[in-house]
Amino acid sequence: MGTSPTVPPAIEAKLQEIESATETMVALEDEIRALRRRVESSDVPAIHLGLRQIGEALLRHALKAIQLDVPRGPDGTLNRLKDALYTKLKDELDSSFWRHLGTIQTHVNAHTHHQENDVYQAAGLLGRPSPWDEVESAMHALRCILNTFVLRWPPPPKPVTASAPPPADEEEDDEAPATDRAPPSFEGVAPTDLADVTAKAALENEAVRAQLEKITGMHRRGVSRRLNAAHGKTKMKNLFPDAFQSDADDDTEEEERGFDYETIGNLSIKEARDNDLANDIALLTNRDPASVRRKLNGLHGGGVVRRQFEWYDPQTVGELTVRTALSYNLAPLLAREFRQSRASILTKLRGVPGQTKLRTVFEQLG
């Protein structure tokens, strides 16, 4: 087919733009990864197929968002989906949206379907000076569609990160200023005795933060940022679960954390570095903390954690413990995946010892 053994810089640039534009579109993770593999292997027909699949996914989402029936099966093709959306929004979306969608149709359909009635007829790639020209054109069109798409159907709000001020403690005594209250002393306290210390108490005591720095292996700024991000009543055993794991602690309470599983996955690499989340990522991906820290330091800050580590991977999640699942609020994710209520998921998690692997509790993760 005359495909180039190397990826043209223009194609790589367009691919990076598509990856950036779909960062918040978690459901497209597999398609985006597959598209990059196809580009790197110079499989031009497969690239066109990937672009068509991404376009179809976007149109299905749009139809669902405006509460129209989504064509399924043979009718759920790019052409039919476009026709269904055009009938409803032809005057509401800019003409360039439909033009770019037509560009994708023109290029990708020609290379992902048999043409006319001759199954031996070439799909149109032979004899062309460069098949990458059509790839670049289709990629550019998809990138422009994504611009309109996220404006019309924006992603959900980004979770609050550790830069936000800590919530006020409702039980705080407003009558006495903080400087007049003597914080409790934790000098010489064993690390295990810090498990039930609250975030509020830790913030008020330098000795606690020094202890936390030692037992977690985190930098002082990382400890402070996590404390600031948590609710004042959050206990250290839930805020730093990897440092306070104990077989006796089987009734782990689900408390509000500064960062939960899905929040960390959606953070940028820069945010993960700034908040010193290497230990958390290592715990949630069964990696060595030092290797995670090295990888974070070597990645571009604009990348996304879930795309650089084993996020939403069934095998990896299955190796996590029940205690970790409760501490990092995996219940909503598991409820969606297994089509069960959050309450039923929590009942199962709280009904077994904290060191139990999730694959033991949920056979789907086995």
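Along the sequence shown, the residues carry numbers beginning at 1.
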Exercise for the section: Determine the sole option in Glu17, Lys14, His100 for which the side chain to side chain contact (heavy atoms under 4.5 Å, CB included) test with Arg143 is passed. Expected result: Glu17
Exercise for the section: Compare all side-chain heavy atoms of Asn266 with those of Thr24 and state whether any distance is below 4.5 angstrom. Expected result: no
Problem - Side chain to side chain, Glu56 and His61, heavy atoms closer than 4.5 Å - result: no
Completion exercise
Rounded to the nearest 0.5 Å, the CG atom of Leu349 sits from the CZ atom of Arg342 at a distance of 10.0 Å
Problem - Side-chain heavy-atom pair Arg36, Glu12 within 4.5 angstrom cut-off - result: yes
Problem - Glu40 with Arg37: basic N within carboxylate O range, under 4.0 Å - result: no
Handout entry: Neighbour count above 12 (heavy atom, 6.0 Å) for Asp69 CG
Key = no
Problem - Sidechain-backbone polar pair: Thr324 side chain, Leu320 backbone, donor-acceptor under 3.5 Å - result: no
Problem - Within-4.5 Å side-chain heavy-atom neighbours: Leu151 and Pro154 - result: no
Exercise for the section: Just grab all the ring pair (Phe, Tyr, Trp, His ring centres under 6.0 Å) pairs involving residues 342-365, residues at least two apart or on different chains. Expected result: Phe338-Phe362
Fill in the blank from the handout: Rounded to the nearest 0.5 Å, the CG atom of Leu58 sits from the CG atom of Leu81 at a distance of 10.5 Å
Practice task
Applying side chain to side chain contact (heavy atoms under 4.5 Å, CB included), run through Met236 and Leu227 and close with a yes or a no.
Solution key: CA-CA 9 Å; Met236 296 301 97; Leu227 290 171; 3.7 Å; yes
Fill in the blank from the handout: To the nearest 0.5 Å, atom OG1 of Thr321 lies from atom CG of Leu358 at 7.0 Å
Fill in the blank from the handout: Nearest heavy-atom contact between Val322 and Pro353 is CB-O, 3.9 Å
Handout entry: Asp83 and Arg80 ion-paired at < 4.0 Å
Key = no
Handout entry: Tyr261/Val317 under side chain to side chain contact (heavy atoms under 4.5 Å, CB included): CA gap, chis, key distance, verdict
Key = CA-CA 10 Å; Tyr261 182 81; Val317 173; 3.8 Å; yes
Practice task
Return yes if some donor-acceptor pair links the side-chain N/O of Thr356 with the main-chain N/O of Val352 below 3.5 Å, else return no.
Solution key: no
Completion exercise
The reported gap from CZ in Phe149 to CE in Met25 (rounded to nearest 0.5 angstrom) is 5.0 Å
Practice task
Please report the C-alpha distance between Ile47 and Trp132 in whole Å, then the side-chain angles of each, then the deciding distance to 0.1 Å, and finally whether the side chain to side chain contact (heavy atoms under 4.5 Å, CB included) criterion is met.
Solution key: CA-CA 10 Å; Ile47 294 170; Trp132 288 113; 3.7 Å; yes
Fill in the blank from the handout: Sequence neighbours excluded, the answer for side-chain hydrogen bond (donor to acceptor under 3.5 Å, both in side chains) partners of Glu31 is none
Practice task
For the residue pair Glu319 and Gln315, confirm or rule out a side-chain donor-acceptor distance under 3.5 Å.
Solution key: no
Problem - Heavy-atom side-chain contact between Thr316 and Trp311 under 4.5 Å - result: no
Fill in the blank from the handout: Rounded to the nearest 0.5 Å, the CG atom of Leu51 sits from the CG atom of Leu78 at a distance of 10.5 Å
Handout entry: Residue pair Ser341 / Ser344, side-chain donor-acceptor N/O under 3.5 Å
Key = yes
Exercise for the section: Output the distance between atom CG (Leu85) and atom CD1 (Ile66), rounded to the nearest 0.5 Å. Expected result: 5.0 Å
Exercise for the section: Scan side-chain atoms only and decide if Gln308 and Lys295 contain a donor-acceptor pair under the 3.5 Å cut-off. Expected result: no
Problem - Any Glu136 side-chain heavy atom under 4.5 Å of Met139 side chain - result: no
Exercise for the section: Check whether any side-chain heavy atom of Thr103 lies under 4.5 Å from a side-chain heavy atom of His140, and answer yes or no. Expected result: no
Practice task
For residues 92-103, pull every pair meeting salt bridge (Lys or Arg N to Asp or Glu O under 4.0 Å), keeping only residues two or more places apart or in separate chains.
Solution key: Glu92-Arg152
Exercise for the section: Indicate yes or no for a side-chain donor-acceptor contact from Tyr312 to the backbone of Glu29 under 3.5 Å, with no hydrogens or angles considered. Expected result: no
Completion exercise
Nearest heavy-atom approach of Leu365 to Gly318 is CB-CA, 3.9 Å
Exercise for the section: Identify the two heavy atoms, one from Lys82 and one from Leu59, that lie closest to each other, and give their separation to 0.1 Å. Expected result: N-CD1, 3.7 Å
Fill in the blank from the handout: Correct closest heavy-atom pair for Gly265 and Val304 would be O-CG1, 3.3 Å
Practice task
Compare every heavy atom of Ala272 with every heavy atom of Ile281, then report the nearest pair and how far apart it is.
Solution key: CD1-CB, 4.2 Å
Exercise for the section: State, with a plain yes or no, whether a side-chain heavy atom of Lys235 is found less than 4.5 Å away from one of Val197. Expected result: no
Problem - Donor-acceptor under 3.5 Å (Arg60 side chain, Val70 main chain) - result: no
Problem - Ring center gap for Tyr86 and Phe97 short of 6.0 angstrom - result: no
Problem - N-O pairing of Arg293 and Asp276 below 4.0 Å - result: yes
Problem - Electrostatic pair Glu310-Arg287, nearest N-O below 4.0 angstrom - result: yes
Handout entry: Non-hydrogen atoms of Ile32 and Glu19 that approach each other most closely
Key = CG2-CG, 3.7 Å
Problem - Stepwise side chain to side chain contact (heavy atoms under 4.5 Å, CB included) test for Glu262 and Leu333 - result: CA-CA 8 Å; Glu262 294 189 82; Leu333 170 64; 4.0 Å; yes
